[in-house]
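This report concerns only the one structure given below.
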Amino acid sequence: MKKKLAFILGIRPDVIRACCVLNALRAHKEFDTVFIWSGQHYSDNLKDIFFRELNVAPPDIELNVAGDTDAEVSAGVISRLYPVLEEMKPEVAVFLGDTNTVMGCLAAAQLNIPIVHIEGCMRSYDWRMPEEKYRGTIDHLADIIYTYFDEYKKQGVDEGLNPKSIVVIQNLIVDVLNAYYFAKKDIYDKMATDGFFSDRGLTRGEYYLMTCHRRENVHIRSSFEKVLELIGATKRTVYFTASYRTQKVLKEYGLELPPNVKMVDPIGYQEMLVLIVHARGVINDSGTVVEETAVLQVPSLQIRKATERPQVYDCGSSVKYDPTAPEKYPFDVVYRKLDSLYGKHWEHKLGDGKASERLVGDLVERMMRTDGFRLHKPEQYHLDIARSYREDGL
């Protein structure tokens with residue numbers, strides 16, 4: 001019987017980051033890669049369109065988890081994933097990122113199934129974020145952590161993680177854009193017609209694209225109001241691709257969008273890339289988008305108090321706005337900075353495009369070994385654990 005690798009994802013950015021890795025793993029016939037979808041994102045424009053546009057075969061198993069709160073979704077992933085893993089008995093359970101879905105790692109841990117965390121050791125040190133709590137939880141449960149940079153590995157080691165568990169691979173988003181944008185740029189150029197923009201009420205190079213979904217921005221009313229003030233302070237059109245949860249909160253708060261803002265439902269990956277590339281800049285609180293803009297040479301404005309991706313500031317591709325301290329970020333100064341980046345080029349230093357290759361190579365090599373993933377055995381700890389295993393001395 002073939003060994004099994006369980007690969008668990010649940011939201012559209014997961015599909016984007018994991019597409020090259022997942023497709024490469026599925027191509028290996030020495031073992032079976034079982035793709036499990038939690039259901040955290042479920043509609044066509046949040047899920048299926050990304051499978052189609054990124055050439056990812058649909059999930060083998062769908063958990064169909066639902067819930068109105070983080071607690072309900074996380075609990076649903078744990079309770080529904082547990083019997084699936086118990087029956088499957090995979091060699092390893094692979095998770096990516098920092099969402100409710102990664103809390104399924106608790107089900108794997110309860111079954112003593114080794115855990116792999118892709119995109120580990122990232123920290124914003126902003127404890128308001130549910131993502132920050134999830135990152136720490138799965139990193140400390142994981143046997144193997146694939147992280148992007150040495151500075152991330154140091155963050156994990158400083159927290160007490162075993163350095164032997166942490167593998168530096170560089171950033172997956174570079175590989176994804178190489179394969180799905182730069183290698184297919186002619187497709188995107190054909191999409192970017194005058195009609196494409198006029199149909200959306202936009203002028204090429206004269207609009208800001210926007211996403212905003214993080215709890216600390218949307219669910220804290222004072223911060224959300226400051227975000228709306230920010231986007232209302234420009235004369236340019238802001239094309240706001242808003243998550244359904246963000247739209248719901250807008251209605252619940254009774255908040256109105258500024259007149260220069262066009263709000264639309266979430267869109268597919270190809271449409272998003274066309275809009276990013278031809279925008280004046282991208283206003284967002286997304287980890288994925290802010291990295292994509294850095295690679296694509298498009299300015300971004302980060303609506304974040306703290307970030308787990310400071311490299312975008314290092315390369316000079318991103319401007320900061322903290323909604324909790326608006327007095328430090330006058331709107332005219334913020335937009336002057338953002339517009340000054342338009343047309344500039346920078347060296348992003350996010351990766352060489354071989355992160356997926358490194359990750360898959362290491363995973364496959366471990367799959368081919370006997371017990372290649374378990375790194376929580378007593379002899380594998382990097383700490384002195386002798387007292388825990390001492391004899392009674394009587």
Side-chain angles (χ1 to χ4, degrees), residues 11-24 27 41 43-58 171-211 236-243 261-284 286 288-301 312 317-318 338-339 341-348 350-356:
I11 65 171
R12 58 179 179 169
D14 290 356
V15 185
I16 295 169
R17 291 184 178 281
C19 59
C20 295
V21 172
L22 187 54
N23 287 341
H41 280 178
S43 61
D44 183 80
N45 60 342
L46 287 174
K47 171 190 163 213
D48 298 305
I49 191 171
F50 288 84
F51 296 149
R52 294 193 298 271
E53 293 185 351
L54 294 166
N55 300 315
V56 174
N171 199 316
L172 295 170
I173 204 66
V174 180
D175 311 23
V176 173
L177 288 172
N178 283 347
Y180 291 94
Y181 177 74
F182 292 111
K184 301 180 179 182
K185 191 173 180 299
D186 57 329
I187 295 175
Y188 294 95
D189 290 343
K190 290 176 182 176
M191 288 178 64
T193 63
D194 291 340
F196 175 93
F197 296 102
S198 62
D199 287 348
R200 292 160 177 79
L202 302 174
T203 300
R204 192 191 311 256
E206 294 298 328
Y207 63 89
Y208 296 123
L209 180 65
M210 178 178 176
T211 70
R236 299 189 193 279
T237 298
V238 176
Y239 196 72
F240 185 9
T241 61
S243 71
V261 177
K262 295 178 181 288
M263 186 173 71
V264 298
D265 288 344
I267 58 178
Y269 193 53
Q270 291 179 345
E271 182 180 353
M272 186 73 173
L273 285 178
V274 173
L275 287 168
I276 288 175
V277 169
H278 294 279
R280 188 81 177 186
V282 181
I283 303 169
N284 75 104
S286 164
T288 299
V289 172
V290 78
E291 290 173 342
E292 288 171 325
T293 56
V295 176
L296 294 168
Q297 306 295 306
V298 176
S300 67
L301 170 52
V312 297
S317 70
S318 196
L338 184 60
D339 283 342
L341 296 180
Y342 183 66
K344 287 188 176 180
H345 294 274
W346 45 78
E347 187 179 355
H348 60 74
L350 293 179
D352 59 6
K354 297 180 180 179
S356 301

Does some side-chain heavy atom of [Y] sit less than 4.5 Å from a side-chain heavy atom of [X]?
{"X": "Met272", "Y": "Leu209", "value": "yes"}
{"X": "Ile16", "Y": "Glu292", "value": "yes"}
{"X": "Val21", "Y": "Ser356", "value": "yes"}
{"X": "Phe50", "Y": "Pro13", "value": "no"}

To the closest 0.5 Å, what do you measure between [atom1] ([X]) and [atom2] ([Y])?
{"X": "Arg280", "Y": "Arg236", "atom1": "CZ", "atom2": "CZ", "answer": "4.0 Å"}
{"X": "Leu202", "Y": "Asp194", "atom1": "CG", "atom2": "CG", "answer": "12.0 Å"}
{"X": "Thr293", "Y": "Ile283", "atom1": "OG1", "atom2": "CD1", "answer": "12.0 Å"}
{"X": "Thr193", "Y": "Arg204", "atom1": "OG1", "atom2": "CZ", "answer": "7.5 Å"}
{"X": "Arg52", "Y": "Tyr269", "atom1": "CZ", "atom2": "OH", "answer": "16.0 Å"}
{"X": "Met210", "Y": "Met263", "atom1": "CE", "atom2": "CE", "answer": "10.5 Å"}

Please name the pair of heavy atoms, one in [X] and one in [Y], separated by the smallest distance, quoted to 0.1 Å.
{"X": "Ala355", "Y": "Asp175", "answer": "N-OD2, 2.9 Å"}
{"X": "Thr203", "Y": "Tyr207", "answer": "O-CD2, 3.2 Å"}
{"X": "Leu273", "Y": "Tyr180", "answer": "CD1-O, 4.5 Å"}
{"X": "His348", "Y": "Val295", "answer": "CD2-CA, 3.9 Å"}
{"X": "Val298", "Y": "Ala279", "answer": "CG1-O, 4.4 Å"}
{"X": "Pro58", "Y": "Phe51", "answer": "CA-CD1, 4.5 Å"}

inquiry  = Is it true that, when you exclude Lys354 itself, more than 12 heavy atoms of the residues, nucleotides or ligands shown sit nearer than 6.0 Å to its NZ?
reply    = no
request  = Taking side chain to side chain contact (heavy atoms under 4.5 Å, CB included) as the test, write out the residues that go with Val277, two or more places apart.
outcome  = Tyr181, Leu296
query = Do Val174 and Asp352 pass the side chain to side chain contact (heavy atoms under 4.5 Å, CB included) test, and can you show the C-alpha distance, the side-chain angles, and the key distance before you say yes or no?
reply = CA-CA 7 Å; Val174 180; Asp352 59 6; over 6 Å; no
key: Residues forming a ring pair (Phe, Tyr, Trp, His ring centres under 6.0 Å) with His278, sequence neighbours excluded   =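 Phe197.
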task = Would you mind telling me which of Ile276, Thr211, Leu338 makes a side-chain contact (heavy atoms from CB on, under 4.5 Å) with Val282?
result = Ile276
task = For Ile49 and Gln270, run side chain to side chain contact (heavy atoms under 4.5 Å, CB included): C-alpha distance rounded to whole Å, both residues' side-chain angles, the deciding distance at 0.1 Å, then the answer.
result = CA-CA 9 Å; Ile49 191 171; Gln270 291 179 345; over 6 Å; no
ask   = So Phe196 and Leu275, side chain to side chain contact (heavy atoms under 4.5 Å, CB included) or not? Walk me through it.
value = CA-CA 10 Å; Phe196 175 93; Leu275 287 168; 3.8 Å; yes
request  = From the options Asp339, Asn284, Thr237, select the one residue that forms a side chain to side chain donor-acceptor pair (under 3.5 Å) with Tyr208.
outcome  =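 Between Tyr208 and the candidates, side chain to side chain donor-acceptor pair (under 3.5 Å) is satisfied uniquely by Asp339.
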task = May I ask you to check whether Ser300 and Ser318 show a side-chain donor-acceptor distance below 3.5 Å?
result =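 Yes, a side-chain donor-acceptor pair sits under 3.5 Å.
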ask   = Given Arg17 and Glu291, is the side chain to side chain contact (heavy atoms under 4.5 Å, CB included) satisfied, shown in steps?
value = CA-CA 11 Å; Arg17 291 184 178 281; Glu291 290 173 342; 2.5 Å; yes
